[in-house]
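Report on one structure; see the data block that follows.
Since the model is a prediction, treat every value here as computed from it, not as a measurement. Numbers restart at 1 for each chain; the letters A, B, ... are given by sequence-line order, proteins then strands.
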Amino acid sequence: MGSEDSASTNFIKAIIDEDIKNGKNGGRVHTRFPPEPNGYLHIGHAKAICVNFGIAEEYGGLCNLRFDDTNPVKEDVEYVDSIIEDIHWLGFDWGDRLYYSSDYFEQLYDYAVRLIKDGKAYVCDLSPEEIREYRGTLTEPGKDSPYRNRSVEENLDLFERMRNGEFPDGSRVLRAKIDMKSGNLNMRDPAIYRIKHASHHRTGDAWCIYPMYDFTHCLSDSIEGITHSLCSLEFEDHRPLYDWFIDQLDVHHPQQIEFARLNLSYTILSKRKLIQLVDEGYVDGWDDPRMPTLSGLRRRGYTPESIRNFLDRIGVAKRESTVDVALLEYHIREELNRTAQRVMAVLRPLKVIIDNYPEDQVEELEAVNNPEDENAGVRVVPFSRELYIEKTDFLEDPPKKFFRLAPGREVRLKHAYFIKCESVVKDENTGEIIELHCTYDPDSRGGTSPDGRKVKGTLQWVSVPHALNAEVRLYEHLLTKEDPLNLEEGKTFIDYINPNSLEILKDCKLEQSLKSAKPLDRFQFMRHGYFCVDPDTTDEKIIFNRTVSLKDTWAKMQKKGNA
RNA sequence: UGGGGUGUCGACAAGCGGUAAGUCACAAGAUUUUGGAUCUUGCAUUCGCAGGUUCGAAUCCUGCCACCCCAGCCA
């Protein structure tokens, strides 16, 4: 039912509502997501994806996927493939409307020729350095290029020869003839075509001149009949240029609306910096579970739904902001709490021997799979005389608020029995606790005692002879800096990389039922958090990634006490 | 002495002249065979600042301040 009776709204929808009311575009809503295939998608892109596909969906319109592939030296099919996979994974589809700006190269060339014929564009022989000098500065106007008033015939001839490959890279560009004195630098005769003798991932060597983004982007939107071109804030002062191209050419005019991109606390969301993390080996690749890429989040155990819910929740506005990453974590917990099967795992094992339990006995105890989902059913877990419990669940000299096991204390083993700690065995040399001897109360099977006695703590456990060995990878924020956009003088984000962002535990003990878990399956390890099977898992070695921990009020209390 | 934007709770974010929604975070309590989940309660006399208009302003006007983006033949 009403998934959003809160009537979530934003300024873009307000504009579209108005457009529809006024009959603009015949009431049609058609958006697009236009990535450049030069890197992997991250959660910031996911915001743009959800905004574009989401709005189209909400208004019964369409959203295209179009690769803005106008710079062959940076682009690659590897990125095209990953982008397609990631958007599908997020849950969106563009039907047969998968486009490439490079599909429009011929059309774009014709548009450029029209501008030349109309005296609105010219071939300029200035070097890149000279063009920069002629452009002026933020506060001083630029000056006209000496080539600005070439004849239409000469421009046409030169532009054709550019296309024919007669000139080397960088020797000439085609420029729009607008206004070198404009306060908006984008309007100071911007380049619209440059020479690049490079092969393109789709058009091969068919071209040696390539249109610039500003020229390509707005006209590609126009060609596709896009009604609302949603993009990020930094393109606001490109809008007058887009409007200029479209007006000169007198073609369909999409309306560009700019919104703020996503920033996340403790997180880097800049393609350039993510590339640096990968290239310089701070992470293990684009899909490292610490990366905010969609492939990284997927491997970490995030679900598409949780990401979409998160993005819905934060809204869309023009104000630049940094969202607390805790909100993202809230959304994955919220979903996994409803859907993930509970399972018992001991990450840092401590052996417990139940002295009064028959030596060769094994009991099959019933365990509820998910108390939040009555349809999730039950499973059976084996119980025996020797068990593993969590090291952190025992303290020889516990503080008053400690509800777990300690000498003489009784706790409940989840789904099993009450046990009481009778003695502690230590390594003679190191003093390290090696094992605990306990007794159990046979009448407490299932976790309650007929005499009505209560225990404060409930621990998860794994039977020693039935335990599955596993490697578990614990992740924390990649950065120690909450606001990575606001660094101290002279520091870079590299200075804030969290040395503890990955902790690998190699001697973890899991309950038997996990034997059949498949890569990317998600579970709640009771009292720990949500975990996901890593694709590196093999028959010999099972590996889990921690998606997010459970909220831990005990840890919070301790932290407060110590601080 | 350029142009374009933005300023509402710790973090997001509604609000569009009628007297500050919601979410996360945080805090307190209840409950609990996960110190999880759940449930209750609390959390902006105030909307960047200063004036003005009005019976009434976060919303309108004026001035100021702060922050972000732009000088690629990148996107």
**Asked** Mind checking the C1' distance from A58(B) to C9(B)? Whole angstroms is fine.
**Response** 14 Å
**Request:** Just label G15(B) as syn or anti from its O4'-C1'-N9-C4 or O4'-C1'-N1-C2 angle, using within 90° of 0 for syn.
**Result:** anti
**Message:** Under 4.0 Å, heavy atoms only, any strand: does Gly170(A) hit a base, just the sugar-phosphate, or nothing?
**Reply:** base
**Asked** Contact class for Met187(A) (heavy atom, under 4.0 Å): base, sugar-phosphate, or nothing?
**Response** nothing
**Euclidean distance, atom NZ of residue Lys318(A) to atom C1' of C16(B) [Å, nearest integer]** = 16 Å
**Message:** Under 4.0 Å, heavy atoms only, any strand: does Gln460(A) hit a base, just the sugar-phosphate, or nothing?
**Reply:** nothing
**Asked** Which is true for Phe67(A) with a 4.0 Å heavy-atom rule: it touches a base, it touches only sugar-phosphate, or it touches nothing?
**Response** nothing
**Request:** Select base, sugar-phosphate, or nothing to describe what His415(A) touches, counting heavy atoms under 4.0 Å on all strands.
**Result:** base
**Message:** Mind checking if Ser127(A) touches a base, just sugar-phosphate, or nothing, with heavy atoms under 4.0 Å?
**Reply:** base
**Message:** Please confirm whether the shortest side-chain N or O distance from Thr139(A) to OP1 or OP2 of U1(B) is below 4.0 Å.
**Reply:** no
**Request:** Quick one: label Tyr210(A) by what it contacts on the DNA or RNA (base, sugar-phosphate, nothing), any heavy atom closer than 4.0 Å.
**Result:** nothing
**Request:** Take atom P in C39(B) and the same atom in A57(B), then report the distance between them in whole Å.
**Result:** 39 Å
**Item:** Donor-acceptor pair, side chain of Asp483(A) and main chain of Leu485(A), under 3.5 angstrom
**Value:** yes
**Asked** Is any N or O donor-acceptor pair between the side chain of Arg342(A) and the base of U34(B) shorter than 3.5 Å?
**Response** yes
**Message:** Can you see if the side chain of Arg135(A) gets near the phosphate of C73(B) - specifically, an N or O under 4.0 Å from OP1 or OP2?
**Reply:** yes
**Prompt:** With a non-hydrogen cut-off below 4.0 angstrom, is Ser321(A) in contact with a base, only sugar-phosphate, or nothing?
**Reply:** sugar-phosphate
**Request:** Would you mind classifying the nucleic acid contact of His528(A) as base, sugar-phosphate or nothing, using non-hydrogen atoms under 4.0 angstrom?
**Result:** nothing
**Met557(A) CE - C26(B) P separation (whole Å)** = 15 Å
**Asked** Do the rings of Tyr79(A) and Tyr40(A) sit parallel, tilted or perpendicular, given the 30° and 60° boundaries?
**Response** perpendicular
**Message:** Closer than 4.0 angstrom, basic N to acidic O: yes or no for Lys21(A) and Glu18(A)?
**Reply:** yes
**Request:** Give a yes/no answer on whether the side chain of Arg313(A) brings an N or O atom under 4.0 Å of OP1 or OP2 in C24(B).
**Result:** no
**Asked** How far does the P atom of G7(B) sit from the matching atom of A13(B), given to the nearest Å?
**Response** 9 Å
**Request:** Please measure how far the C1' atom in A71(B) lies from the corresponding atom in G2(B), and state the result in whole Å.
**Result:** 11 Å
**Item:** Between U8(B) and C60(B) - P atom distance, rounded Å
**Value:** 15 Å
**Prompt:** Do the side-chain N or O atoms of Lys560(A) get closer than 4.0 angstrom to the phosphate oxygens (OP1, OP2) of A27(B)?
**Reply:** yes
**Item:** Pairing of Arg453(A) and Asp441(A) as salt bridge, 4.0 angstrom limit
**Value:** yes
**Message:** I'd like the C1' distance from C47(B) over to A20(B), given in whole Å.
**Reply:** 8 Å
**RNA chain B: 5'-proximal contact among Arg527(A) and Lys47(A) (nearest heavy atom)** = Lys47(A)
**Item:** Ala198(A) backbone acceptor or donor facing Tyr210(A) side chain under 3.5 Å
**Value:** yes
**Request:** Indicate, with a heavy-atom threshold strictly under 4.0 Å, whether Thr322(A) touches base, sugar-phosphate, or nothing.
**Result:** sugar-phosphate
**Asked** Paired with A27(B) by Watson-Crick or G-U wobble geometry, both distances under 3.5 Å: which nucleotide is it?
**Response** U41(B)
**Message:** Using the C1' atom as the point on both nucleotides, what is the distance between G51(B) and C16(B), in whole Å?
**Reply:** 23 Å
**Prompt:** Looking only at atom C1', what distance separates A25(B) and U6(B), rounded to whole Å?
**Reply:** 24 Å
**Message:** Would you call the rings of Tyr109(A) and Phe159(A) parallel, tilted or perpendicular, taking 30° and 60° as the class edges?
**Reply:** parallel
**Request:** Could you tell me how the ring of Phe531(A) sits relative to the ring of His528(A): parallel (under 30°), tilted (30 to 60°) or perpendicular (over 60°)?
**Result:** perpendicular
**Item:** Heavy-atom donor-acceptor pair, Asp237(A) side-chain to G3(B) base, under 3.5 Å
**Value:** yes
**Request:** Would you classify Leu126(A) as touching base, sugar-phosphate or nothing, given that sugar-phosphate means primed atoms plus P, OP1 and OP2, and contacts are heavy atoms under 4.0 Å?
**Result:** base
**Prompt:** Checking all strands, does Arg412(A) fall into the base, sugar-phosphate, or nothing category for heavy-atom contacts under 4.0 angstrom?
**Reply:** base
**Message:** Please confirm whether the shortest side-chain N or O distance from Arg132(A) to OP1 or OP2 of G72(B) is below 4.0 Å.
**Reply:** yes
**Request:** Remember a base hit wins even if backbone is also touched, and classify Lys271(A) as base, sugar-phosphate or nothing at under 4.0 Å, heavy atoms.
**Result:** nothing
**Reference residue His200(A); test ring pair (Phe, Tyr, Trp, His ring centres under 6.0 Å); the match among Phe67(A), Phe105(A), Tyr100(A)** = Phe105(A)
**Message:** Check this one for me: any side-chain N or O of Lys556(A) less than 4.0 Å away from OP1 or OP2 of C26(B)?
**Reply:** yes
**Request:** Could you tell me whether Tyr330(A) contacts a base, only the sugar-phosphate backbone, or nothing, with contacts defined as non-hydrogen atoms closer than 4.0 Å?
**Result:** sugar-phosphate
**Request:** Kindly say whether, by distance alone, the side chain of Glu372(A) makes a donor-acceptor pair under 3.5 Å with the base of U38(B)?
**Result:** no
